[in-house]
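Below, chain A is the first sequence line, B the second, and so on; all start at residue 1.
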Amino acid sequence: MCRVLATRPRGTTDVLPPRSERWIRREQRFREVCRAFGYPEIILPMFEHAELFQRTVGEATDIVEKELYVFPDRGGRLLALRPEGTASAARAYLENGLHRGPQPVRLSYVGPMFRYERPQAGRFRQHTQMGVEVFGADQPTADVEVILLAAEYLRKEGLTELSVRLNSIGCPDCRPAYREALRRWAHPLLPELCEDCRSRYHRNPLRLLDCKETRCATALQEAPRSLETLCSACEEHFAAVRGYLADLDLPVSVDPNLVRGIDYYTRTVFEVVHGRLGAQRALCGGGRYDGLVEVLGGPPTPGVGFGMGLERVLDVLESAGETEGDARPDLFLAIADERARSQAFAIATDARRRGLATLFDLGGRSLKAQMKAAARAGARFALVLGERELATGTATLREMDTGQERGLPLAEVVDALCRG
RNA sequence: GUGGAUGUAGCUCAGUGGUCAGAGCACCAGGUUGUGGCCCUGGGGGUCGGGGGUUCAAAUCCCCUCAUUCACCCCA
């Protein structure tokens with residue numbers, strides 16, 4: 001085996017059956033929920049002009065600064081593998097003139113995202129996000145709708161122990177003032193803070209608030225909160241979001257320390273977290289991005305959405321013993337005599353056309369080995385075809401779980417299985 | 001980018017200087033010439049992650065490197 005040719009790139013994964021079957025079920029269920037909420041799917045490119053992400057996600061963010069997969073193509077364009085879905089969706093919304101049609105525009109998407117990160121539990125260089133976006137809606141009900149959609153999907157997957165973390169980081173009117181206020185307040189504490197926090201002070205003071213170092217956390221306990229300095233419009237918006245969510249039987253906690261690492265967010269930001277998931281416990285992250293479309297040269301357009309990590313959802317489900325979606329064949333044809341092979345092809349074709357998952361042996365193995373293969377594949381029924389069946393026109397159908405057998409005319413086997 | 005742990009069969013791992021490198025599970029075949037699961041027997045499968053060094057002798061000790069993994073930063 002060649003070490004390089006037969007090794008996947010760092011941070012990527014091969015998703016094998018049966019996990020791949022479960023994976024597909026998760027995508028299906030997400031699409032069902034999106035359909036129920038009226039969010040048709042948009043299919044977007046996996047790479048874009050690098051500038052799209054640099055300008056929207058933000059030059060100074062980790063995602064752009066150190067995680068973006070950028071490359072020049074053969075025509076000299078600077079492209080980037082998408083690190084997230086919202087910027088692409090906003091670009092497509094504008095480029096295709098959706099902003100000129102009826103508003104709001106609701107969209108969903110499922111697909112791979114790429115970030116050059118050091119892999120760890122729940123984090124990869126290629127991961128998959130299921131997300132939704134609403135463009136052209138500034139009402140707090142839109143924020144509530146997308147949070148509700150995320151929660152409804154996760155509920156349908158049978159997940160419990162979920163909670164929604166919620167915060168408002170203000171808008172271009174009130175955020176700069178808050179940043180300055182926080183900086184001024186923290187300045188005298190700088191010598192006590194950790195090295196990371198001293199650099200956060202300059203780069204992104206909001207990040208000071210969620211440092212995990214205990215000495216920083218205690219030092220900053222009394223820091224001013226963004227929630228206390230929201231402008232009245234943001235204040236009102238946030239109060240409305242909280243109010244609707246409170247009526248909805250969702251475990252929501254307002255967390256003034258929740259800060260997200262993408263520049264385009266305004267007002268509402270949120271995460272859905274699950275307790276038992278290692279250090280990367282956010283299943284879902286999102287928020288409002290009222291200035292995003294305008295940055296791309298479009299009209300002022302409010303928007304809100306989220307991205308959900310498919311691998312993380314699967315991890316939680318599998319840690320809870322999830323097996324839904326595991327494939328199980330209905331019928332295994334064991335061939336005891338090569339002269340029965342044509343008959344086997346005919347029965348298999350009939351069964352498959354009628355929706356029964358049917359396998360049969362490709363030849364050269366003993367009947368015993370074939371029965372073993374049938375059991376291993378998890379087949380519900382096995383049918384032996386040989387000289388005897390050809391002569392009498394009847395066969396023995398064996399139910400694998402119980403070992404019970406019954407004789408049936410060959411022509412009726414598929415009918416019997418279809419009836420259950 | 002930073003720190004820790006780990007790389008031996010498909011999987012989980014044993015083997016810390018000394019014959020040709022092992023176990024369990026899995027896989028294939030036979031025992032049972034038309035029937036899976038239990039049992040028995042046999043079989044296939046390894047550049048001991050890679051390279052260099054020390055030594056009469058290296059899976060084992062040293063250096064480098066690659067990969068995996070967990071955590072930090074950050075994020076889904």
Checklist outcome for this item: Residues at least two apart in sequence or cross-chain that pass salt bridge (Lys or Arg N to Asp or Glu O under 4.0 Å) with A:D249, listed by chain then number, are none

Item to check | Whole-angstrom distance between B:G43 and B:G52, as gauged at atom P | outcome: 35 Å

Checklist entry - Parallel, tilted or perpendicular: which fits the ring planes of A:F270 and A:F306, with parallel below 30° and perpendicular above 60°? => result perpendicular

Please list every donor-acceptor pair under 3.5 Å in which a side-chain atom of residues 36-52 of chain A meets a protein atom from a residue at least two apart or in another chain.
from: A:Y39; atom 1: OH; to: A:E145; atom 2: OE2; distance (Å): 2.5
from: A:E41; atom 1: OE1; to: A:R31; atom 2: NE; distance (Å): 2.6
from: A:E41; atom 1: OE2; to: A:R31; atom 2: NH2; distance (Å): 3.0
from: A:E48; atom 1: OE1; to: A:R91; atom 2: NH1; distance (Å): 2.8
from: A:E48; atom 1: OE2; to: A:S88; atom 2: OG; distance (Å): 3.0
from: A:E48; atom 1: OE2; to: A:R91; atom 2: NH1; distance (Å): 2.4
from: A:E51; atom 1: OE2; to: A:R55; atom 2: NH1; distance (Å): 3.3

Next on the checklist: Going by the rule salt bridge (Lys or Arg N to Asp or Glu O under 4.0 Å), which residues pair with A:R175 if we only count those two or more places apart in sequence or in a different chain?
Outcome noted: none

Checklist outcome for this item: When both distances are under 3.5 Å in a Watson-Crick or G-U wobble arrangement, the nucleotide paired with B:G18 is B:C56

Item to check | A:F30: partners by ring-ring contact (aromatic ring centres under 6.0 Å, His included), with sequence neighbours left out | outcome: A:Y153

Checklist outcome for this item: pair_partner(B:C25), Watson-Crick or wobble, both distances < 3.5 Å, evaluates to B:G10

Next on the checklist: What contact category does A:E117 fall into here, base, sugar-phosphate, or nothing, at under 4.0 angstrom with non-hydrogen atoms?
Outcome noted: base

Checklist entry - Mind checking the C1' distance from B:U32 to B:C39? Whole angstroms is fine. => result 12 Å

Next on the checklist: For B:C72 and A:Q120 - does any side-chain N or O of the residue sit under 4.0 Å from the phosphate oxygens OP1/OP2?
Outcome noted: yes

Checklist entry - Which whole-number value in Å describes the distance from A:M371 CE to B:U32 P? => result 19 Å

Checklist entry - Between B:A26 and B:C64, how far is it from one C1' atom to the other, in whole Å? => result 36 Å

Item to check | Spacing of the P atoms in B:U60 and B:C48 (rounded, Å) | outcome: 10 Å

Taking only N/O atoms, report every protein-nucleotides 65-67 of chain B pair under 3.5 Å with atom names and distance.
none

Checklist outcome for this item: Residue pairs passing the ring pair (Phe, Tyr, Trp, His ring centres under 6.0 Å) test with at least one member in residues 376-401 of chain A, sequence neighbours excluded, are none

Next on the checklist: Check the phosphate of B:G34 against A:T396, side-chain N and O only, distance under 4.0 Å to OP1 or OP2. Yes or no?
Outcome noted: no

Next on the checklist: Using a 4.0 Å heavy-atom cut-off, does A:E405 contact any base of the nucleic acid, only the sugar-phosphate backbone, or nothing at all?
Outcome noted: base

Next on the checklist: Taking B:C63 as the reference, what is the distance to B:A5 when you measure between their P atoms (whole Å, please)?
Outcome noted: 13 Å

Checklist entry - For A:R341 and B:G34, what is the distance between atoms CZ and P respectively, to the nearest whole Å? => result 16 Å

Checklist outcome for this item: Rounded to whole Å, CZ of A:R312 lies from P of B:A76 at a distance of 8 Å

Checklist outcome for this item: Sorted by chain and residue number, the salt bridge (Lys or Arg N to Asp or Glu O under 4.0 Å) partners of A:R77 (sequence neighbours excluded) come out as A:D73

Item to check | Main-chain N/O of A:L98 paired to A:N96 side chain as donor or acceptor, under 3.5 Å | outcome: no

Item to check | Contact under 4.0 Å: A:R365 side-chain N or O vs B:A29 OP1/OP2 | outcome: yes

Checklist entry - Does any nucleotide pair with B:U2 by Watson-Crick or G-U wobble geometry, both distances under 3.5 Å, and what is it? => result B:A71

Enumerate donor-acceptor pairs with a distance under 3.5 Å from any side-chain N or O in residues 59-72 of chain A to protein atoms, sequence neighbours excluded.
from: A:T61; atom 1: OG1; to: A:G58; atom 2: O; distance (Å): 2.7
from: A:T61; atom 1: OG1; to: A:V64; atom 2: N; distance (Å): 3.4
from: A:E65; atom 1: OE1; to: A:R203; atom 2: NH2; distance (Å): 3.4

Next on the checklist: Taking only the P atom of each, what is the distance from B:A76 to B:G15 in whole angstrom?
Outcome noted: 43 Å

Checklist entry - Rounding to the closest angstrom, what is the interatomic distance between B:G45 and B:A9 at atom P? => result 15 Å

Checklist entry - Ion pair present between A:D315 and A:R19, side-chain N to carboxylate O less than 4.0 angstrom? => result yes

Checklist entry - Counting only distance, no hydrogens or angles, is the base of B:C73 paired donor-acceptor with the side chain of A:R118 under 3.5 Å? => result no

Item to check | Distance in angstrom units between A:L367 CG and B:C28 C1', rounded | outcome: 17 Å

Next on the checklist: Strictly below 4.0 Å, N to O, side chains only: are A:R288 and A:D138 in salt-bridge contact?
Outcome noted: no

Next on the checklist: Quick check: do A:V259 and A:V269 have side-chain heavy atoms less than 4.5 Å from each other?
Outcome noted: no

Checklist entry - Across the strands shown, which category fits A:R115 at heavy-atom distances under 4.0 angstrom: base, sugar-phosphate, nothing? => result base

Checklist entry - Does any N or O donor sit under 3.5 Å from an N or O acceptor when you compare the side chain of A:K66 with the base of B:C73? => result yes

Item to check | Any strand: nucleotide that pairs with B:U47 via Watson-Crick or wobble, under 3.5 Å | outcome: none

Checklist entry - Once you round it to whole Å, what is the distance between P of B:A76 and CZ of A:R125? => result 17 Å

Checklist outcome for this item: Separation of B:G36 atom P from A:L397 atom CG, nearest Å, is 16 Å

Name every donor-acceptor pair, under 3.5 Å, that has one atom in a side chain of residues 341-351 of chain A and the other anywhere in the protein, sequence neighbours excluded.
from: A:R341; atom 1: NE; to: A:E338; atom 2: OE1; distance (Å): 2.7
from: A:R341; atom 1: NH1; to: A:D361; atom 2: O; distance (Å): 3.0
from: A:R341; atom 1: NH2; to: A:E338; atom 2: OE2; distance (Å): 3.1
from: A:T349; atom 1: OG1; to: A:F345; atom 2: O; distance (Å): 2.8

Checklist entry - Counting any heavy atom closer than 4.0 Å, what does A:A369 reach on the DNA or RNA strands: base, sugar-phosphate only, or nothing? => result sugar-phosphate

Next on the checklist: Suppose you measure atom C1' in B:U12 against the same atom in B:U19; what distance do you get, rounded to whole Å?
Outcome noted: 28 Å

Checklist entry - What nucleic acid atoms does A:F124 come within less than 4.0 Å of, heavy atoms only: base, sugar-phosphate, or nothing? => result base

Checklist entry - Does B:C39 have a Watson-Crick or wobble partner in any strand here, with both distances under 3.5 angstrom, and which is it? => result B:G31

Item to check | Rounded distance (Å) that lies between atom P of B:G1 and atom CD1 of A:I63 | outcome: 18 Å

Item to check | Nucleic acid contacts of residues 384-395 of chain A, taken as heavy-atom distances under 4.0 Å to RNA chain B | outcome: A:V384, A:G386, A:E387, A:R388, A:E389

Next on the checklist: Once salt bridge (Lys or Arg N to Asp or Glu O under 4.0 Å) is applied, do any residues pair with A:R10, and if so which ones, sequence neighbours excluded?
Outcome noted: none

Checklist entry - Expressed in angstrom and rounded to an integer, what is the separation of A:H274 atom NE2 from B:A76 atom P? => result 18 Å

Checklist entry - A:T61 near the nucleic acid: base, sugar-phosphate alone, or nothing, with a heavy-atom cut-off under 4.0 Å? => result nothing

Checklist entry - In terms of side-chain heavy atoms of A:R376, which of B:C27, B:G30, B:A76 is nearest? => result B:C27

Checklist entry - Can you tell me how far the NE2 atom of A:H274 sits from the CG atom of A:L154, to the nearest 0.5 Å? => result 9.0 Å

Give me the distances for all protein-to-nucleotides 37-44 of chain B N/O pairs that come in under 3.5 Å?
from: B:G37; atom 1: O6; to: A:R398; atom 2: NH2; distance (Å): 3.4

